[in-house]
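Take a look at the structure set out below.
Basis for what follows: all heavy atoms, side chains included, without hydrogens, waters or symmetry-related copies. If you're wondering where the values come from, they're calculated on a predicted model, not measured in any experiment.
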Amino acid sequence: MTGGEAPRPAGVEVCAVVLAAGEGTRLRPLTERVPKALCPVGNVPLLDRALARLAGLGLTGPERVAVNASYLADQVVRHVGERAHRSVEPDGPLGTAGGVAKLRDWIGGRGVLVGNADAYLADEAAPPGPDIAALLRDWDGETVRLLGQPAADPAAPGTFDGHVFTGFSLLPWRLVRDLPVEFGDLVRAVWRPAEAAGALTVVPYPGTFLDTGTPGDYLAANRHAASGGNLVDPNATVTGRCRESVVGAGAVVHGDLTRAVVWPGAVVHPGEHLCDAVRAGGDLTVAATPPITGPASL
């Protein structure tokens, strides 16, 4: 499959929701300035990566794609523009279940492909969209499907059929229509009950997955997007040495970088050497320790 329309059986209409309302507390203080969904990976905001993946399945526009927002919602709403339906949660994030429930009228009887904006996915064998097409293929419109990867410990808490959740799930309307518009998560409200009823299937994802939730994982995702080398925006100014680093548009780097991420417009001053770190603006540096391997927490 090379893109185009999502692979679904006749009679099962599917829409998509990108969850972008969270605060990204583990990425503070980076997310005190920018919502997690807009943090760049490989010089592309995470939210744009999610929307591009949906576009690769033929899911585009405000009739078929929705994005929710709460924390620093004005930035998310402005960034999305008219590319998707926008659902704002003004009193604080409603969680993964509450965010979907608030979109009930917009969903209107359709199946829902729900994606986490902060999920970094990359498969060398398939472009974004086709890489998760198996999640939709031959779906009966009744069961729950999760995208996953085999866990290091198949019996660890937070796993599903021995798999770690990798950012996308497919939900039938019958389980969405009665979700309350209140804070709640899909794990307890939908996934675990479906699992107990024998109505949950894990679809393996063969590529690379990182949830970008910690500075270490965020740096790892950027390094993967740069293919282990340097990724420097053509509108950046770099006079220092770079190794395995990502530099955004308008950034000015006069110091040296080793396994670092420099955000758009940020400055690395002469004599500085950033190593395993993220620089935002001219004054904020966040250390990025190596990521912890194992099942993501749910």
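Looking at every heavy atom in both residues, A151 comes nearest to V164 through CB-CG2, 3.6 Å. N68 and G99 make their closest contact through ND2-CA, 4.0 Å (heavy atoms, listed as atom of the first residue, atom of the second, distance). When all heavy atoms are compared, the tightest approach of P62 to E82 is CD-O, 3.6 Å. Of all non-hydrogen atoms in A225 and V41, the two that sit nearest each other are CB-CG1, 4.2 Å. Scanning all heavy atoms of the two residues, the minimum distance from P215 to V286 falls at CG-CG1, 3.9 Å. Nearest heavy atoms, N230 versus E244: OD1-N, 3.0 Å.
Applying the salt bridge (Lys or Arg N to Asp or Glu O under 4.0 Å) rule to R279 yields the partners E272; only residues at least two apart in sequence or on another chain are considered. Residues satisfying the ring pair (Phe, Tyr, Trp, His ring centres under 6.0 Å) test with Y120, not counting sequence neighbours, are H224. A search for salt bridge (Lys or Arg N to Asp or Glu O under 4.0 Å) contacts involving R110 returns nothing, not counting sequence neighbours. H79 is linked by a ring pair (Phe, Tyr, Trp, His ring centres under 6.0 Å) to nothing, counting only residues two or more places apart in sequence or in another chain. The ring pair (Phe, Tyr, Trp, His ring centres under 6.0 Å) test applied to H269 returns no partner, not counting sequence neighbours.
Here the side chains of T96 and V114 are not in contact, with every heavy-atom distance at 4.5 Å or above. A heavy-atom distance below 4.5 Å is found between the side chains of F160 and V187. For the pair I107/C15, a side-chain contact is recorded, criterion being any heavy-atom separation below 4.5 Å from C-beta on.
With a 6.0 Å radius and a threshold of 12 heavy atoms from other residues, nucleotides or ligands, E32 has its CD atom above the threshold.
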Q) Can you list the steps and then say if R192 with D185 is a salt bridge (charged side-chain N to carboxylate O under 4.0 Å, His left out)? A) CA-CA 11 Å; R192 291 302 185 194; D185 63 77; over 6 Å; no

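Salt-bridge check for D211 with K36: failed, with every basic side-chain N at 4.0 Å or more from each acidic carboxylate O.
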Under 3.5 Å, side-chain donor or acceptor atoms of residues 171-182 against the rest of the protein: list the pairs with distances, not counting sequence neighbours.
from : atom 1 : to   : atom 2 : distance (Å)
R174 : NE     : E142 : O      : 2.9
R174 : NE     : E142 : OE1    : 3.1
R174 : NH2    : E142 : O      : 2.8

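Of the options D233, L257, V232, a side chain to side chain contact (heavy atoms under 4.5 Å, CB included) to V262 is made by L257 and by none of the others.
Checking side-chain atoms of Y218 against main-chain N and O of P40 turns up a donor-acceptor pair under 3.5 Å. Using a distance-only test at 3.5 Å, with no hydrogens or angles considered, a donor-acceptor pair links the side chain of T212 to the main chain of D118. Side-chain atoms of R145 do not come within 3.5 Å of backbone N or O of L170 as any donor-acceptor pair. Under the 3.5 Å distance criterion, the side-chain polar atoms of Q75 are matched with a main-chain donor or acceptor of R33.
Ring geometry for W191 versus F165: interplanar angle of 30 to 60°, hence tilted.
No hydrogens or angles considered: a donor-acceptor pair under 3.5 Å links the side chains of D131 and Y205.
There is a path of hydrophobic side-chain contacts, each under 4.5 Å, that joins I132 to L136.
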